[in-house]
Amino acid sequence: HASAAVANLVGIYCTWYLINGSHRALNSEWAQLTPAMQLPMGAIYLIVFCSTLLMVLFLAVNVVRHGLSVFKRKSPK
């Protein structure tokens, strides 16, 4: 379980770059419109940004769950 917690921490570290990049793209491309629907391109990047935030939340919950199981010496449910 300790190795799973470490793997999730590495995943959080790597996801930071996705969050940073999608946030920059969101800010820089908001004024550009999509050709077909005339929506801001930033809306597309907003979806990527939100999904990476959800990914970090999922990984953080797994870090806590596996970390607690290491200290309690029980397997997670």
Side-chain angles (χ1 to χ4, degrees):
H1 295 285
S3 61
V6 171
N8 287 318
L9 285 173
V10 170
I12 290 172
Y13 177 76
C14 294
T15 307
W16 167 253
Y17 291 104
L18 289 172
I19 291 173
N20 194 16
S22 63
H23 185 261
R24 286 182 184 176
L26 170 69
N27 288 332
S28 67
E29 300 294 332
W30 192 261
Q32 181 182 356
L33 299 177
T34 59
M37 297 184 66
Q38 296 299 309
L39 294 172
M41 284 296 289
I44 307 301
Y45 292 113
L46 180 64
I47 294 168
V48 175
F49 181 72
C50 291
S51 65
T52 54
L53 287 177
L54 288 173
M55 189 183 325
V56 166
L57 179 65
F58 174 76
L59 290 169
V61 167
N62 280 335
V63 166
V64 170
R65 191 177 65 136
H66 287 295
L68 288 175
S69 69
V70 167
F71 292 115
K72 289 182 179 179
R73 305 273 182 200
K74 291 179 5 183
S75 62
K77 294 182 180 180

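- Through chains of ILVMFWY side-chain contacts below 4.5 Å, Leu39 is grouped with Met37.
- We find the OG1-CG distance between Thr15 and Asn8 to be 9.5 Å, quoted to the nearest 0.5 Å.
- Within the structure, no pair that satisfies the side-chain hydrogen bond (donor to acceptor under 3.5 Å, both in side chains) test touches residues 32-59, not counting sequence neighbours.
- Going from atom CD1 of Ile44 over to atom CD1 of Ile47 covers 5.0 Å, rounded to the nearest 0.5 Å.
- Side-chain heavy atoms closer than 4.5 Å link hydrophobic residues (I, L, V, M, F, W, Y) into clusters, and following such links, even through other members, never connects Val48 to Leu26.
- For the atom pair CG (Asn27) and OG (Ser22), the distance works out to 9.5 Å, reported to the nearest 0.5 Å.
- Residue Ala5 comes nearest to Gly67 through the heavy atom pair CB-N, 4.3 Å, listed as atom of the first residue, atom of the second, then distance.
- Hydrophobic clustering keeps Leu46 apart from Leu18 (ILVMFWY residues linked when any side-chain heavy atoms are closer than 4.5 Å, directly or through intermediates).
- Leu57 and Leu59 fall into different hydrophobic clusters, where Ile, Leu, Val, Met, Phe, Trp and Tyr are joined by side-chain heavy atoms under 4.5 Å apart, directly or via other members.
- Residues in residues 5-28 take part in these ring pair (Phe, Tyr, Trp, His ring centres under 6.0 Å) pairs, two or more places apart or across chains: Tyr13-Tyr17, His23-Phe49.
- Among all heavy-atom pairs drawn from Glu29 and Met41, the shortest one is O-CB, 3.5 Å.
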